[in-house]
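Report on the following structure.
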Protein chains: 2
Amino acid sequence: MQAAAAVIAIQPVEKRMPAARKHAANCSSCNLRELCLPGALDAEDLARIDNLVYARRRLKRGEALYQAGAEFKAIYAIRSGSFKASLFDGDGREQVSGFFMAGELLGLEGLGSGAYQAGAIALEDSEVCVLPYALIEQFCREIPALQRRLHTVLAREIVRDHGVMMLLGTMRAEQRLATFLLNLSARSKRRGYSSSEFHLRMSREEIGSYLGLKLETVSRLFSQFHDVGLIDVDYRHVRILDVQGLERMLREPSAHVPN
Amino acid sequence: MQAAAAVIAIQPVEKRMPAARKHAANCSSCNLRELCLPGALDAEDLARIDNLVYARRRLKRGEALYQAGAEFKAIYAIRSGSFKASLFDGDGREQVSGFFMAGELLGLEGLGSGAYQAGAIALEDSEVCVLPYALIEQFCREIPALQRRLHTVLAREIVRDHGVMMLLGTMRAEQRLATFLLNLSARSKRRGYSSSEFHLRMSREEIGSYLGLKLETVSRLFSQFHDVGLIDVDYRHVRILDVQGLERMLREPSAHVPN
DNA sequence: CGCAGAGTTGAGGCGCTTCAAGAGCGGTGG
DNA sequence: CCACCGCTCTTGAAGCGCCTCAACTCTGCG
C-alpha cells in the first residue's frame with residue numbers, strides 16, 4: 001500500500017470527478033480499454049479492477065508527468081493526448097525513446113525498480129490514469145488474466161524497443177523516417193482516426209532525436225518525400241499519399257549503413 | 001501446465017541428474033542465484049521455488065537455444081557459457097540485440113506473448129535452466145517477492161534496451177566501443193572474474209552488428225585503442241589498460257553524430 | 001506588430017562505409 | 001606432426017551519407 005500512499009498528493013478519483021462523470025474513471029466503461037492495460041479481460045475481471053485507477057491527472061502541453069530518475073510509484077495510462085519519453089545519461093546526452101498516444105502505458109521501466117529511467121513530457125494537453133504499483137501487484141495476484149496481460153504489455157514494450165534498436169542500428173535515414181511515418185499511421189488507424197492523414201505533435205528536433213538524426217536531416221527528408229510524391233507536408237500536418245512507396249523503401253538494401 | 005508439457009522433449013531434472021548432482025538444479029544451491037531470477041529472495045521463498053527449474057539443457061557453440069519467431073514456452077537462465085540474441089525483420093535485416101552471460105535471462109520478450117522475437121545462439125558450449133512460463137505464473141501468484149522480482153527483471157531488460165538505443169542514437173563509433181568494453185568489464189567483475197582482462201566470445205562482425213558498425217570499423221577501433229594505450233588486444237583476448245581513458249571518451253562531445 | 005521559436009534550404013566536410021587485398025588462426029586430413 | 005583450407009581479422013584507399021554551420025522564412029503568441 002505504500003505506493004498508493006505515495007501518490008496521495010493527487011486527488012483520488014471520487015473527489016475529482018463529479019458524480020455524473022465518475023463512471024469515466026472505470027476501466028469497464030472506458031472505450032480505450034482494449035488498447036490499454038485491461039486488454040481482452042472478460043466482464044467479470046473487468047469489474048474487479050475498476051478501482052485500479054486511483055486517480056486521474058491532467059497535464060498541459062510541455063508539462064512533465066514525471067522526471068527521469070524520479071521515484072517510481074505508479075504506471076500511467078494515457079486517456080487523451082500524447083507524450084514523449086526522454087532518456088538521459090550522465091554525460092549530457094539526451095535521446096527520445098518513444099512517442100506515446102491514447103491507450104498506451106507510460107513508466108513501465110520503473111516496475112519493480114526504484115525509479116523511472118525516462119522522463120515523460122506531454123506533447124499537448126493530456127490526461128492520464130494513475131495506476132499505483134501496489135494495486136497492480138495485488139490485482140495481478142488475484143486475477144491471473146491480468147497478470148498475464150501485464151506480462152504481455154511488458155514484453156510488448158521490450159519488442160517496441162527492439163524495433164527502435166533495429167531502426168537505429170540497421171536503417172538509413174530515409175528508411176527510418178518511412179518507418180516512423182508508417183508506425184504513426186498504423187497507430188492512428190487503430191485509434192479510429194485516419195491512417196493517411198495526421199498531425200505531428202512533436203518537433204523536427206524530437207523526431208530527429210528519436211530517429212538518431214539531426215533536425216535538418218529530418219526536414220530535408222520531409223521535403224524529399226514530398227518531392228517524389230510520397231507525402232504532403234504542411235508543417236506538422238502530414239498526409240501519406242503512397243503507403244506502398246514508403247514500404248518499398250524499407251526493402252531496399254541499406255548501402256552505406258551498418259549491417 | 002501446458003507450457004511444461006510442451007517442453008517434454010527435454011528431460012526433467014530428476015532424470016538427467018545423478019543423485020549426487022541433483023542439488024545443482026535447485027536455485028537455493030546455485031551460486032548464480034543472486035544475479036539470476038531469484039535475486040534476493042529469502043531462504044524460505046527460495047526453498048519454495050526449487051522446482052521452478054523444470055530442466056537443464058546443454059548447447060554447443062553455434063547452436064540455437066530457440067529461433068526468432070518460435071513459440072514461447074519458457075524463459076531460460078544461463079547456468080554457464082554465453083549467448084547472443086539476434087533480431088530479424090521481414091526485409092532481411094539482422095541486428096544483434098545483446099550478449100548474455102551466466103546468471104542472465106533469455107527470452108523475456110516472449111513473456112505473455114506468443115513467440116520469441118529474437119533468436120538466441122550459444123557463443124560457446126553452454127548450459128541453461130529451463131523455466132516454464134506456466135510455473136513462473138503460478139509461483140509469482142503465490143510468492144509476492146518473486147512477482148516483484150520478475151517485474152524488476154523485466155524492467156531491467158527495458159532499461160538495458162534503452163542503453164542500446166542511447167548508444168546507437170547518440171554516440172560516435174569510438175564511444176560505442178568504449179561503452180561496450182566497459183560494460184563487459186563490469187559484468188565480468190560482477191561474476192568474480194577480472195574486470196580488466198577477458199576473452200571476447202563474439203566475432204568482430206557480431207560486435208559490429210550490436211554496435212551499429214561494420215566489422216572493419218570495429219577492427220580499426222580496436223587497433224586505434226591499442227595504439228593510444230587504452231587496451232591490449234590479441235584477437236579475442238582483451239586487456240583494459242586505462243579504464244578512465246575509456247570513460248573519458250564517453251564524456252567528449254559527439255560532433256558529427258546525431259544529437 | 002514584433003519577436004522568439006520552429007522549420008527550410010544550401011554549401012562544405014567529416015566519419016564511417018565500401019571495396020579490396022593480405023595476414024593470422026584453428027580445425028582437418030594425410 | 002605438418003600442410004592445407006576456410007574463416008576471421010587487419011589494414012589501406014576512396015566515396016557517400018549525414019552532420020555542421022549558416023542564412024533565411026514561416027508561424028504563433030503576447
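All of these numbers come straight from a predicted model, not from anything done at the bench. Order of the sequence lines sets the chain letters (A, B, ...), proteins ahead of strands, with each chain counted from 1.
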**From D/dC9, C/dG7, D/dC18, nucleotide with atom closest to B/Ser203 side chain** = D/dC9
**Asked** Does any N or O in the side chain of B/Arg201 come within less than 3.5 Å of the main-chain N or O of B/Gly81, such that one atom is a donor and the other an acceptor?
**Response** no
**Item:** Spacing between B/Leu215 atom CG and D/dT8 atom C1', to the nearest angstrom
**Value:** 9 Å
**A/Tyr76 vs A/Tyr66, ring-ring contact (aromatic ring centres under 6.0 Å, His included): CA-CA, chis, key distance, verdict** = CA-CA 10 Å; A/Tyr76 299 90; A/Tyr66 50 80; 5.7 Å; yes
**Asked** Can you check whether B/Arg220 has a side-chain N or O nearer than 4.0 Å to OP1 or OP2 of C/dC16?
**Response** no
**Message:** For the CZ atom on A/Phe88, are there more than 12 heavy atoms of other groups (residues, nucleotides or ligands in this structure) within a distance under 6.0 Å?
**Reply:** yes
**Request:** Specify the separation, in whole Å, of atom CG of A/Leu211 and atom C1' of D/dC18.
**Result:** 13 Å
**Request:** Round to a whole Å and report the spacing from CD of A/Gln224 to C1' of C/dG10.
**Result:** 15 Å
**Message:** The side chain of A/Ser223 is closest to which nucleotide in this list: C/dC16, C/dT9, D/dC18?
**Reply:** C/dT9
**Prompt:** Ignoring hydrogens and angles, are the base of D/dC9 and the side chain of B/Glu216 linked by a donor-acceptor pair under 3.5 Å?
**Reply:** no
**Item:** Inter-end axis angle, the helix from C/dC1-D/dG30 to C/dG30-D/dC1, with every axis fitted to five base pairs (rounded, 10 degrees)
**Value:** 40°
**Donor-acceptor contact present, side-chain B/Glu109 to main-chain B/Ala118, <3.5 Å** = yes
**Message:** Tell me whether the count of non-hydrogen atoms from other residues, nucleotides or ligands lying under 6.0 Å of CZ in B/Arg190 goes above 12.
**Reply:** no
**Prompt:** To the nearest Å, how far apart are A/Leu200 CG and D/dT27 P?
**Reply:** 16 Å
**Item:** Under 4.0 angstrom between B/Ser219 side-chain N/O and D/dC9 OP1 or OP2
**Value:** no
**Asked** Does OP1 or OP2 of D/dG17 have a side-chain N or O of A/Arg172 closer than 4.0 Å?
**Response** yes
**Asked** Hey, does the side chain of A/Gln175 reach the backbone of A/Glu252 with a donor-acceptor pair shorter than 3.5 angstrom?
**Response** yes
**Asked** So, does A/Ser126 use its side chain to make a donor-acceptor pair with the main chain of A/Glu124 at under 3.5 Å?
**Response** yes
**Nearest-Å distance for atom pair NZ/P, residues B/Lys214 and D/dG17** = 15 Å
**Prompt:** In whole angstrom, what separates B/Leu221's CG from D/dT10's C1'?
**Reply:** 13 Å
**Any B/Arg176 side-chain nitrogen or oxygen under 4.0 Å from OP1 or OP2 of C/dC16** = no
**Asked** For A/Glu174 and A/Tyr235, take the nucleotide of DNA chain D holding the closest heavy atom to each; which residue's nucleotide lies nearer the 5' end?
**Response** A/Glu174
**Prompt:** Just how far, in rounded Å, is P of D/dG17 from CE of A/Met249?
**Reply:** 12 Å
**Asked** Separation of B/Phe222 atom CZ from D/dT10 atom C1', in whole Å?
**Response** 13 Å
